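Model, not experiment: these values are computed from the prediction. Letters A, B, ... mirror the listed sequences (proteins, then strands); counts begin at 1.
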2 protein chains.
Amino acid sequence: MKTMTKGISQSTQDYLKNIYELTEQGASASTNDLATRLGIAPASVTGMVQKLASATPPLVDYRKHQGATLTKEGQRAALEIIRHHRLLETWLVQTLGFSWDEVHEEACRLEHVISEDFETRMAAALGHPTRDPHGELIPGADLQMPDDDSTPLSSLRPPQDATIIRVNAIDPALLRHLDELGLIPGADLSISAHSPFDGNISIKVDDREFVVGPAISNNIFVEIGG
Amino acid sequence: MKTMTKGISQSTQDYLKNIYELTEQGASASTNDLATRLGIAPASVTGMVQKLASATPPLVDYRKHQGATLTKEGQRAALEIIRHHRLLETWLVQTLGFSWDEVHEEACRLEHVISEDFETRMAAALGHPTRDPHGELIPGADLQMPDDDSTPLSSLRPPQDATIIRVNAIDPALLRHLDELGLIPGADLSISAHSPFDGNISIKVDDREFVVGPAISNNIFVEIGG
DNA sequence: AATAATATTTAGGTATGCCTAAATATTCTA
DNA sequence: TAGAATATTTAGGCATACCTAAATATTATT
């Protein structure tokens, strides 16, 4: 009947996960960005981040007006949740036939309540996958995040070829759109044109050719060479 | 990021589920029994039950010192959770190899967070089962609880034969014990003796013979005739 | 039927995690 | 570099769901 949070509340887990994701590319996580991602008021984030910073052990480093970063402890907890989330997405797609645009929300709810035993069994049943259905890396049982050497699609220029590795998107409508275009992990593509001013690129996938803007191409990551 | 409770909190769901189970055999659910099952103080139960009774729509009928029963609405919600719980137990056993003593706790946490979509897919993948790994009946998608025509093992007398249909137990240690004895749903048994004063019966299962007391035999339900 | 034992309720309090409004700090712009 | 715009924090509140201690009601005993 408990909530299986190993003493870390569900709300805290959400904070840590989002701080992890916001700080992945270097900077610290701002109050506002966190508030937006969590769907709560900035003032509430300030209070909560202060609490996380003065917990024992502290889960985040925080100085007023400077945003938050994760401590070692906080990072451990974040990676645990991210591992849960990504294994669950994989699991839902592979065993229950969910599509990749449907699993995010479900995994967000389940990630907080599954046991370590569940996690272990799921990983084994899936053959210890290293990427989820969006191509996102799954931290290992040791909570190490593997390296990702992929490149943003937006950085390619004609006539480069590439294979899609990872699609960084949550919005179901966008994911369905990308699915229709064939822009999914594993897809091979080639760049046929690039517009320098608007950043649009023309790509060919499955013999279909179309143009994508930076809003999309910045969030698709590829391995160069088809 | 929400908790998928259709406006009914997780705590409320636990109350309703437990009231359902306590009132299944007729009487109303007392404050104390609920407190014991939920692991909280009786005073807290009083407060919560009062709240459930004055919700709109009311989820329980309640009069001071008289215990609580479910309203139609409350029963609907309870059956929804029980359906989740029992499908999940079945799912965990069949797809992740959990044993029947390990699934209760896990299902108690998951039951509150899965979507209707998840429920539907799980039911379909399992072939719309009507009983969970303990033999407990699973309410249908229409939230009708099927009839159970089984008989308590404790009511049998030599030389009756029977097949185990349902084992009403949660305690993992007890469930492992029963598993070792072969007292699991589907097992055929025959009654070889009955002690009138202590209620013990001797039963033979898988060519092994042993004695079980009423604490066990009252919670094993059978279909008479092997 | 009075008293004892048990069950339940009331009263007052706590922690969590959110809110709004107002104050303050930082960053941008001219 | 002053003022405007933006971001953040403080202060004061609220709902949920739990707690303990004390009061009261019900049930059992003699």
Side-chain angles (χ1 to χ4, degrees), chain A residues 1-19 22-23 27-56 58-69 74 77 81 108-109 112-113, chain B residues 1-19 22-23 27-56 58-69 74 77 81 108-109 112-113:
Chain A
M1 244 64 133
K2 284 219 186 63
T3 172
M4 179 59 28
T5 50
K6 286 168 263 148
I8 296 184
S9 76
Q10 176 163 330
S11 185
T12 295
Q13 291 178 8
D14 281 335
Y15 276 85
L16 297 177
K17 181 175 71 159
N18 281 284
I19 293 169
L22 284 170
T23 55
S28 70
S30 76
T31 300
N32 251 14
D33 287 354
L34 267 175
T36 302
R37 289 180 69 116
L38 292 164
I40 62 188
S44 306
V45 171
T46 299
M48 190 66 171
V49 165
Q50 288 172 340
K51 209 174 64 171
L52 298 182
S54 50
T56 45
L59 297 167
V60 307
D61 289 319
Y62 165 75
R63 277 172 26 241
K64 274 183 198 176
H65 300 277
Q66 303 294 129
T69 55
I81 292 300
C108 276
R109 280 179 270 107
H112 305 292
V113 303
Chain B
M1 246 65 131
K2 285 220 186 62
T3 171
M4 178 61 26
T5 50
K6 285 168 266 152
I8 295 184
S9 75
Q10 175 162 330
S11 185
T12 296
Q13 292 178 8
D14 281 335
Y15 276 84
L16 298 177
K17 182 175 73 159
N18 281 283
I19 294 169
L22 284 169
T23 55
S28 71
S30 75
T31 300
N32 250 13
D33 288 354
L34 267 175
T36 303
R37 289 180 69 118
L38 292 164
I40 63 187
S44 306
V45 171
T46 299
M48 190 66 170
V49 165
Q50 287 171 340
K51 209 174 65 170
L52 299 182
S54 50
T56 45
L59 297 167
V60 308
D61 288 319
Y62 165 75
R63 279 173 23 240
K64 274 183 197 173
H65 300 278
Q66 303 295 127
T69 55
I81 293 300
C108 275
R109 280 179 269 108
H112 305 292
V113 304

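- Note that OG1 of B:Thr31 and CD of B:Gln66 are 10.0 Å apart. Values are rounded to the nearest 0.5 Å.
- The side-chain hydrogen bond (donor to acceptor under 3.5 Å, both in side chains) test applied to A:Ser28 returns no partner, not counting sequence neighbours.
- The shortest distance between side-chain heavy atoms of A:His112 and A:Asp14 falls below 4.5 Å.
- Side-chain atoms of A:Tyr15 and A:Ile40, non-hydrogen and from C-beta on, do get closer than 4.5 Å to each other.
- The side-chain hydrogen bond (donor to acceptor under 3.5 Å, both in side chains) search around A:Thr69 returns none, not counting sequence neighbours.
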Give me the distances for all protein-to-nucleotides 14-17 of chain D N/O pairs that come in under 3.5 Å?
unit_1	atom_1	unit_2	atom_2	d
D:dA17	OP1	B:Ser9	OG	2.4
D:dA17	OP2	B:Lys51	NZ	2.7

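- The stretch residues 27-36 of chain A does not touch DNA chain C, since none of its heavy atoms comes less than 4.0 Å from the strand.
- For DNA chain C, the span of nucleotides reached by chain A at under 4.0 Å from its heavy atoms goes, 5' to 3', from C:dT16 to C:dT26.
- When all heavy atoms of A:Ile19 and A:Ala68 are compared, the closest pair comes out as CG2-O, 3.9 Å.
- For the pair B:Leu16/B:Val60, a side-chain contact is recorded, criterion being any heavy-atom separation below 4.5 Å from C-beta on.
- In this structure, B:Ala29 and B:Thr23 approach most closely via the heavy-atom pair N-CG2, 3.6 Å.
- Here the closest non-hydrogen pair linking B:Arg37 and B:Asn18 is NE-OD1, 2.8 Å.
- The CZ atom of B:Arg63 sits 14 Å away from the C1' atom of D:dT26 (whole-angstrom rounding).
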Identify each donor-acceptor pair in which a side-chain atom of residues 42-54 of chain B lies under 3.5 Å from a protein atom, sequence neighbours left out, and give them as a table.
unit_1	atom_1	unit_2	atom_2	d
B:Thr46	OG1	B:Pro42	O	3.4
B:Ser54	OG	B:Gln50	O	2.9

